[in-house]
Amino acid sequence: MIQLDTYGTLVAATLVLLLGRKCVQSINFLKKYTIPEPVAGGLLVAVMLLIANRIFGWEIGFDVSLKVPLMLAFFATIGLNANLASLRSGGKSLMLLVFVVVGLLLLQNVIGIGMAKMLGMDPLMGLLAGSVTLSGGHGTGAAWSKVFVERYGFENATEVAMACATFGLVLGGIIGGPVARYLVSHSSMPGGSLDDSADPSAFEKPAIGRMITPLVLVETIALIAICLSAGTRISELLHGSAFEIPTFVCVLFVGVILSNLLAWLGFYRVFDRAVSVLGNVSLSLFLAMALMSLKLWEMASLALPMMAILLVQTIAMALYAIFVTYRVMGKNYDAAVLAAGHCGFGLGATPTAIANMQAITNQFGPSHLAFLVVPMVGAFFLDIANAIVIKLFLMLPVFPAIA
């Protein structure tokens, strides 16, 4: 067992990103199907560690204590970059995407429960392999698995939830690019529906060089720190109440309120260029750490029937993105990028959705609409809708609670 400390893990994460960039540039398949660089590098390292574990018995442990702060910093930059006037202009698309997302939540649970019963498994297993972990991710999976253990007596719920969420994170980063590339080639309208003469948002073109000063960088770091501190405190205050929401959602909304309030008062204007740099660094390092630390050999704990459910869910996500998300959102370039994002947070998490969309916009051009609505839907509306949908399904008679 080789244990890396915080500094060693940070070095490893940066090397993973460089490896992913080299792979995408050198391997035509990865470039053609716009696989995000952190996903390519992280998966390659995870596979290498799997081989080393199976052949030599080696295992490398990573200190991922920076992973959560990096994720929260990413969501803080999403919030700081959110302009309420722009959000109002994309309001119709935002609401449409919310309805599309709810449709997927229902479909995922119907598929999960239906296949679990067909394969002779506990229906709770199907629900865990549905929207609980796929659209919900690791955080939602961990929260609901405790409920499944305490109220329904499903003892291995936590292990199943973490395995399913991990599977979803990986597949969400893989299928988004190919789905979007197929849709882009069939788009009836090239380019976005919003004003394409405007500068790309902080996340649309991560490879673009942006001029910033040390003072602006320090100011932006201060704003991010305020978001993390206030958002974490708010999350702690809401914990256990009827209004409890994930910490990253609190951080994001502190960022939205802070940036728009400062602009409204005329006191300070957030610099998008600095937000872009810090947000993309946080996103890339978070994904690299999340994927390189995957213990793929532990996914062997997924029984063959469970793997079958998850594979069907992956196919269903791709088909849903092509035939529902893309069509409902307008059958144009924006809709194709939105579909890539939906693959990301429909199977994995919002950071995966952003990485998917960046891989597309880097190659084909900006999509202001997609980067406007996906972060808000994936980071806020999704969790609220998912909680309601899960509670509705748990009311079905196939889920009797223990006394």
Legend entry - Stepwise side chain to side chain contact (heavy atoms under 4.5 Å, CB included) test for Gln25 and Lys31: CA-CA 6 Å; Gln25 289 177 341; Lys31 186 175 182 179; over 6 Å; no
Legend entry - Residues Phe345, His342; criterion ring-ring contact (aromatic ring centres under 6.0 Å, His included); working and verdict: CA-CA 5 Å; Phe345 70 76; His342 197 188; 5.1 Å; yes
Inset, instruction - Before giving the answer on ring-ring contact (aromatic ring centres under 6.0 Å, His included), spell out for Phe75 and Phe248 the whole-Å C-alpha distance, their side-chain angles and the decisive distance to 0.1 Å. - result: CA-CA 6 Å; Phe75 280 106; Phe248 68 84; 4.6 Å; yes
Legend entry - CA sep, side-chain torsions, deciding dist, call: Ile234, Phe253, side chain to side chain contact (heavy atoms under 4.5 Å, CB included): CA-CA 11 Å; Ile234 292 170; Phe253 270 90; over 6 Å; no
Legend entry - Met289 and Phe62: CA distance, side-chain angles, deciding distance, side chain to side chain contact (heavy atoms under 4.5 Å, CB included) verdict: CA-CA 8 Å; Met289 286 186 182; Phe62 297 100; over 6 Å; no
Inset, instruction - Let me see the working for Leu396 and Phe393 under side chain to side chain contact (heavy atoms under 4.5 Å, CB included), right down to the final yes or no. - result: CA-CA 6 Å; Leu396 295 174; Phe393 271 90; 3.7 Å; yes
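Ala290 approaches Leu169 most closely through the heavy-atom pair CB-CD2, 4.3 Å. The two residues Ala336 and Ala180 have their closest heavy-atom pair at O-CB, 3.7 Å. Nearest approach of Ile35 to Val24, heavy atoms of both residues: O-CG2, 3.6 Å. Taking all atoms of both residues into account, the shortest heavy-atom contact from Leu183 to Ala339 is CD1-CB, 3.5 Å. Shortest non-hydrogen contact noted between Thr77 and Gly279 is OG1-CA, 3.4 Å. Contact between Gly341 and Ala353 at its shortest, heavy atoms only, is O-CB, 3.1 Å.
The distance from atom OG of Ser259 to atom CG of Asn81, rounded to the nearest 0.5 Å, is 8.0 Å. Between atom SG of residue Cys23 and atom CG of residue Leu43 there is a gap of 10.5 Å, rounded to the nearest 0.5 Å. Between atom OH of residue Tyr326 and atom CG of residue Asp334 there is a gap of 10.5 Å, rounded to the nearest 0.5 Å. Taken from CD1 in Ile221 to CG in Leu228, the straight-line distance is 12.0 Å, to the nearest 0.5 Å. Here CD1 of Ile111 is found 11.0 Å from CG of Leu106. Values are rounded to the nearest 0.5 Å. Taken to the nearest 0.5 Å, the CG atom of Leu134 stands 11.0 Å off from the OG1 atom of Thr140.
In this structure, Met306 and Met121 have side chains that are in contact, with non-hydrogen atoms separated by less than 4.5 Å. In this structure, Leu127 and Phe399 have side chains that are in contact, with non-hydrogen atoms separated by less than 4.5 Å. Leu265 is listed as a side-chain neighbour of Leu261, based on a closest heavy-atom distance under 4.5 Å. Proximity of Leu124 to Leu394: side-chain heavy atoms (C-beta onward) are separated by under 4.5 Å at one or more points. Lys67 is not listed as a side-chain neighbour of Leu70, based on a closest heavy-atom distance of 4.5 Å or more. For the pair Asn356/Ile360, no side-chain contact is recorded, criterion being any heavy-atom separation below 4.5 Å from C-beta on. By the 4.5 Å heavy-atom criterion applied to side chains, Cys250 and Thr232 are not counted as neighbours.
Exactly one residue among Leu369, Asn332, Thr361 makes a side chain to side chain contact (heavy atoms under 4.5 Å, CB included) with Val337. That residue is Thr361. Here the options are Leu382, Val132, Ile388, Leu392, the test is side chain to side chain contact (heavy atoms under 4.5 Å, CB included), and the partner is Leu105; only Leu382 passes.
No side-chain donor-acceptor contact under 3.5 Å links Ser135 and Asn386. A donor atom on one side chain and an acceptor atom on the other are found under 3.5 Å apart for Thr6 and Asp63.
Atom CE of Met48 sits in a sparse spot, with 12 or fewer heavy atoms from other residues, nucleotides or ligands closer than 6.0 Å. Crowding of Tyr182 atom OH: a count of heavy atoms from other residues, nucleotides or ligands under 6.0 Å not exceeding 12.
Relative orientation of the Phe271 and Tyr268 rings is perpendicular, given thresholds of 30° and 60° on the angle between their planes.
Between Glu59 and Lys295 a salt bridge is recorded (basic side-chain N to carboxylate O distance below 4.0 Å).
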